Participant: 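What follows is a structure written as structure tokens; I'll ask about it next.
Keep in mind the model is a prediction, meaning the values are calculated, not measured. All residue numbers in this chain count up from 1 along the given sequence.
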Amino acid sequence: NTEKLECEIIDPKCWFGVMKPAEGKVHKSCAIRCISGGSPPMLRVSTDEGNQYYVLKGAAGENVNDQILEFVGEPVIVQGEVYSQNGWRVIQTAPTTITYQTK
């Protein structure tokens, strides 16, 4: 199931726990440190019903932490294959296809 998501790449450790606010420019440097240290990158998609979250993986299901750091905390568009694993939504995509949202 291919989906195109307008989202922000977040760090789940900060977002769900220790840092408030854990989004946007304020969150960016902390999230980059956490993701480069091994925390799984996640996507936060804002909807009318609230936030939806996706674990971000590479096209073959590999970790892409180092390849997505420039996009952390920025409005981006991610397109890829979406599936469910252990109760989480997962999106698999090639990091080279991630683009910044333009307003």
Participant: Strictly distance-based, threshold 3.5 Å: is any side-chain N or O of T93 a donor or acceptor partner for the main-chain N or O of Q79?
Facilitator: yes
Participant: Do I98 and I77 belong to the same hydrophobic cluster, where Ile, Leu, Val, Met, Phe, Trp and Tyr are linked whenever their side-chain heavy atoms lie under 4.5 Å apart, directly or via other members?
Facilitator: no
Participant: Please name the pair of heavy atoms, one in P12 and one in P40, separated by the smallest distance, quoted to 0.1 Å.
Facilitator: CD-O, 2.9 Å
Participant: Heavy atoms only: give me the nearest A31-V72 pair and the separation to one decimal.
Facilitator: CB-CG1, 3.4 Å
Participant: Strictly by modelled atom types, are T47 and Q52 linked by a side-chain donor-acceptor pair under 3.5 Å?
Facilitator: no
Participant: When you compare the side chains of Y54 and W88, does any donor N or O come within less than 3.5 Å of an acceptor on the partner?
Facilitator: no
Participant: Are any side-chain N or O atoms of N51 and backbone N or O atoms of R44, one a donor and one an acceptor, separated by less than 3.5 Å?
Facilitator: no
Participant: Among all residues two or more places apart in sequence or in another chain, which pass the side-chain hydrogen bond (donor to acceptor under 3.5 Å, both in side chains) test with Y83?
Facilitator: Q92
Participant: Do Q101 side-chain atoms and V76 backbone N/O form a donor-acceptor pair below 3.5 Å?
Facilitator: yes
Participant: Where is the tightest heavy-atom contact between V78 and C7, given as atom of each residue plus distance?
Facilitator: CG2-SG, 3.8 Å
Participant: Does the N65 side chain pair with the main chain of S39, one donor and one acceptor, at a distance under 3.5 Å?
Facilitator: yes
Participant: Could you state the interatomic distance from OH (Y53) to CD1 (I10), rounded to the nearest 0.5 Å?
Facilitator: 6.0 Å
